Structures are given as structure tokens and as C-alpha cells.
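I have placed the structure first, in the form of C-alpha cells, so that the comments after it can refer back to it.
Predicted model, so just to flag it, every value in this text is computed and none were measured.
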Amino acid sequence: IGDVPEGGQPAAPGDLRSVLVTSVLSLEPLDLDLFRGRHYWVPVTRRLFGGQIVGQALVAAAKAVSEDVHAHSLHCYFVRAGDPTVPVLYQVERTRTGKSFSVRSVKAVQHGKPILICQASFQQSQESPVQHQFTMPTVLPPEELRTQEELIQKYLQDPNLVEKYRLGLNKILAQEVPVEIKPVNPLEILCQLPQEPKQLFWVRARGYIGECDMKLHCCVAAYISDYAFLGTALLPHRQHPVKFMVSLDHSMWFHAPFRADHWMLYECESPWAGGCRGLVHGRLWRRDGVLAVTCAQEGVIRVEQSPAESKL
């Protein structure tokens with residue numbers, strides 16, 4: 001796939017090409033199946049954003065397959081924390097090239113050690129009468145909802161907002177996140193009551209991507225899918241301040257064509273948490289009700305416990 005998609009529809013006047021294409025997912029080729037990726041947005045944790053590493057790894061894998069195949073799944077393990085001060089090298093191994101399916105293995109490396117190991121599988125298009133899917137949840141359309149930034153501005157207008165929350169919200173506003181998000185049922189930021197471990201967001205890439213190789217839209221979706229995903233497992237436990245939370249692994253299955261720069265409904269739920277780990281499942285729905293992507297992730301979650309709990 002190209003770093004900037006060719007063909008397709010021209011951008012509207014004044015519309016900017018999505019930074020996810022021009023910067024975040026644009027890899028520098030160094031040698032055959034060897035690429036270097038740089039960083040656009042670093043979270044307040046000062047760790048590399050997992051979605052960026054997954055997205056860049058899929059870009060590297062997609063550059064090692066023919067144009068007539070599409071990405072159908074990926075499975076990644078985060079094995080070390082990423083360093084935001086240095087680039088990431090992506091080493092691709094052409095594990096198997098078959099008639100229907102091809103597998104590419106990608107190792108993301110910093111300081112001579114892997115930070116992520118990824119297996120990506122690609123498939124030739126094949127028709128089958130065996131087809132079904134779940135039904136998309138019925139929710140308000142994105143045009144009737146506020147963006148995450150608008151919700152934060154609303155919270156900041158509260159004169160009774162505690163200063164530490166005000167500082168945190170202003171830090172979030174200052175970040176140039178290349179993803180647009182509209183929560184369907186926004187959570188009250190100061191509420192510590194347990195919530196059901198389910199979230200619904202409308203999400204899309206900022207800027208214009210257009211009609212292009214579907215593999216590029218899959219790479220952008222890989223980036224988007226990690227945003228606010230693991231936090232779903234914390235919703236029943238909001239009374240516990242989080243000490244440490246990081247992704248362990250991330251898997252995706254791509255079911256149908258989609259545009260990552262068009263609104264999609266991200267349905268997230270956490271069926272289980274325990275042993276300092278949380279599991280989350282996600283589904284990305286096109287606006288016409290087609291299930292486009294399924295995701296799964298497990299992460300480490302460590303929280304502060306009360307003195308009574310720590311004695312149990």
C-alpha cells in the first residue's frame with residue numbers, strides 16, 4: 001500500500017488529508033521488508049500508543065503482500081513498553097504465501113529488542129453462501145451527539161470542578177489526537193458509581209482518506225481500535241484509582257469493506273476482569289448496519305486498594 005493513497009475522490013476544498021495517512025502510518029523503507037516508523041501523538045502516560053504500533057505493524061505487513069489480497073486478521077502481543085523518544089523499526093518475515101491465504105510476521109524493535117510481535121493474515125476475495133452477523137445496536141446518529149472535546153469544554157465550565165480534574169481535562173484537550181470520538185452515552189467524569197462494562201462511541205479518523213486500497217483503511221482502523229478500548233473493563237470499578245494500565249495483546253478480524261474516515265459505531269464490552277487483567281471485546285459497525293471489524297484485547301490493570309481490601 002502507498003503511504004498516501006492514490007486515485008479515489010479528490011479532497012473537498014480546504015479539507016486536509018488525514019494525518020493518520022500522511023504521518024502516523026507513513027513508514028520509511030530502509031531495506032527489503034525493513035521499515036522505520038515515527039510518532040505523531042504520545043499519550044499523557046508518556047508511553048507509545050499501542051494502536052500506533054499495531055497500525056504501523058500492519059502497514060509494514062501489507063507492504064510485503066500483493067495488491068490483490070486484503071487483510072482479514074491480525075494478532076499482536078505487546079512485549080515491552082515503547083520509548084517515545086526514538087523511532088520504531090519494523091522487520092517483516094514472509095512466513096507463508098498461499099493461493100488463498102498469506103501470513104506475514106512483523107517484529108517492532110527499539111533499542112535492539114522487540115516491543116511488539118504481530119502476525120497478520122491476508123486473503124484473496126472469495127464468495128460463500130455461509131453468511132450471518134449480529135444486529136447493530138440502535139443509537140442516536142453522530143450528528144446529534146457532542147464530540148469528546150465539546151463534552152470536556154462543558155465539564156470545564158463547572159465552577160465547582162476540582163482543580164486536579166480541571167488540569168487533567170485541559171491536558172486531554174491539548175493533545176492532538178488524530179481520531180474523532182462522539183460518545184453515545186457520555187459518562188459523568190466525577191461519578192464514581194459502578195457502571196455496566198459497556199461503551200458505545202461513534203469514531204472516525206480526522207481528515208480525508210478517500211477511496212483507496214482497503215488495507216490502508218484497515219491500518220487506520222487498527223490505530224483507532226485501541227483508543228479508550230481497555231478502559232471499558234474499569235467501568236464497574238470506578239471507585240478504584242488506577243495505578244497502572246497497559247495492553248498485553250490485541251487482535252482484529254476484518255469482515256467487510258469500510259471507510260475509516262467515515263463515522264463507524266464502536267461497540268465495546270468487557271465480559272471479564274480478574275487477576276490484575278481485564279478482557280475487552282469490540283465491534284466496529286458501518287452506518288448501514290454492516291459489521292466491518294471485530295476486536296479483542298487483554299490488558300494489565302492495577303488499582304489502588306483500600307486498607308481493608310489489601311488485607312483480603
Side-chain angles (χ1 to χ4, degrees), residues 1-3 20-21 23-43 45-67 69-98 101-123 178 213-227 229-230 245-254 277 280 293-300:
I1 58 177
D3 291 334
L20 280 171
V21 174
S23 178
V24 180
L25 298 176
S26 179
L27 300 184
E28 176 188 356
L30 301 178
D31 203 340
L32 178 66
D33 297 341
L34 181 65
F35 306 91
R36 177 162 52 203
R38 302 188 182 275
H39 322 307
Y40 173 79
W41 171 66
V42 177
T45 59
R46 307 311 299 167
R47 295 172 177 268
L48 284 184
F49 176 49
Q52 174 194 302
I53 308 304
V54 174
Q56 289 182 342
L58 186 55
V59 169
K63 288 179 178 292
V65 295
S66 60
E67 291 187 3
V69 298
H70 63 271
H72 83 84
S73 70
L74 64 84
H75 303 276
C76 301
Y77 280 98
F78 299 97
V79 293
R80 287 180 179 84
D83 181 352
T85 65
V86 297
V88 180
L89 293 179
Y90 293 91
Q91 304 168 350
V92 183
E93 177 186 304
R94 304 191 182 209
T95 309
R96 181 179 186 273
T97 301
F101 293 89
S102 297
V103 177
R104 298 295 181 262
S105 304
V106 183
K107 188 182 295 183
V109 177
Q110 284 185 319
H111 305 296
K113 297 180 179 179
I115 63 171
L116 173 133
I117 298 168
C118 175
Q119 300 277 341
S121 184
F122 300 83
Q123 182 186 14
D213 189 336
M214 189 59 224
K215 291 191 286 292
L216 181 61
H217 285 282
C218 290
C219 295
V220 174
Y223 184 99
I224 292 173
S225 68
D226 192 37
Y227 195 81
F229 194 23
L230 189 55
M245 185 168 71
V246 66
S247 303
L248 288 170
D249 52 41
H250 191 89
S251 295
M252 300 182 73
W253 296 264
F254 304 99
R277 304 192 318 278
V280 286
V293 186
T294 299
C295 315
Q297 184 179 99
E298 192 174 47
V300 175

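- Scanning for ring pair (Phe, Tyr, Trp, His ring centres under 6.0 Å) contacts around F229 gives Y266, with sequence neighbours left out.
- Atom OG of S105 is separated from atom CD of Q91 by 11.5 Å, given to the nearest 0.5 angstrom.
- In this structure Y77 satisfies the ring pair (Phe, Tyr, Trp, His ring centres under 6.0 Å) test with no other residue, sequence neighbours excluded.
- Interatomic distance, CZ of F35 versus CG of L89, reported as 11.5 Å (0.5 Å rounding).
- The structure places NE2 of H72 at 11.0 Å from SG of C218, a figure rounded to the nearest 0.5 Å.
- Of all the heavy atoms in I115 and L48, the pair that sits closest is CD1-CD1, 4.4 Å.
- Remark: side-chain polar atoms of K215 are paired, donor with acceptor, to backbone N or O of V69 under 3.5 angstrom.
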Inset, instruction - Could you give me the CA-CA distance, side-chain angles and deciding distance for L58 and M252, then say whether side chain to side chain contact (heavy atoms under 4.5 Å, CB included) is met? - result: CA-CA 11 Å; L58 186 55; M252 300 182 73; over 6 Å; no

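- To the nearest 0.5 angstrom, K63 atom NZ is 6.0 Å from L27 atom CG.
- Taking each heavy atom of L20 and P178 in turn, the nearest pair found is CD1-O, 3.5 Å.
- Considering all non-hydrogen atoms of both residues, W253 and S73 come closest at CD1-CB, 3.7 Å.
- Residues L74 and V106 have side chains not in contact (no heavy-atom distance under 4.5 Å, counting atoms from C-beta outward).
- Atoms NE2 and CG, on H70 and D213 in that order, are 11.5 Å from each other to the nearest 0.5 Å.
- Applying the ring pair (Phe, Tyr, Trp, His ring centres under 6.0 Å) rule to Y223 yields the partners F49; only residues at least two apart in sequence or on another chain are considered.
- One finds the NE2 atom of H75 at 11.0 Å from the NE2 atom of H250 (value rounded to the nearest 0.5 Å).
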Inset, instruction - Dump the intermediate steps for side chain to side chain contact (heavy atoms under 4.5 Å, CB included) on R104 and E93, then the final yes or no. - result: CA-CA 6 Å; R104 298 295 181 262; E93 177 186 304; over 6 Å; no

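- Between R94 and L32, some side-chain heavy-atom pair lies under the 4.5 Å cut-off.
- Nearest heavy atoms, A222 versus G55: CB-CA, 4.0 Å.
- Put simply, the side chain of Q110 gets close to the backbone of V86: a donor and an acceptor are under 3.5 Å apart.
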Inset, instruction - Decide yes or no on side chain to side chain contact (heavy atoms under 4.5 Å, CB included) for I53 and Y90, but give the supporting numbers first. - result: CA-CA 9 Å; I53 308 304; Y90 293 91; 3.7 Å; yes

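- The two atoms that bring S121 and V103 nearest to each other are OG-CG2, 4.2 Å, heavy atoms only.
- Judged by distance alone, with hydrogens and angles left aside, the side-chain atoms of R38 form no donor-acceptor pair with the main-chain N or O of S23 at under 3.5 Å.
- Between V293 and S225 the shortest side-chain heavy-atom distance does not fall below 4.5 Å.
- Contact detail for A108 and V88: the closest heavy-atom pair is CB-CG1, 3.8 Å.
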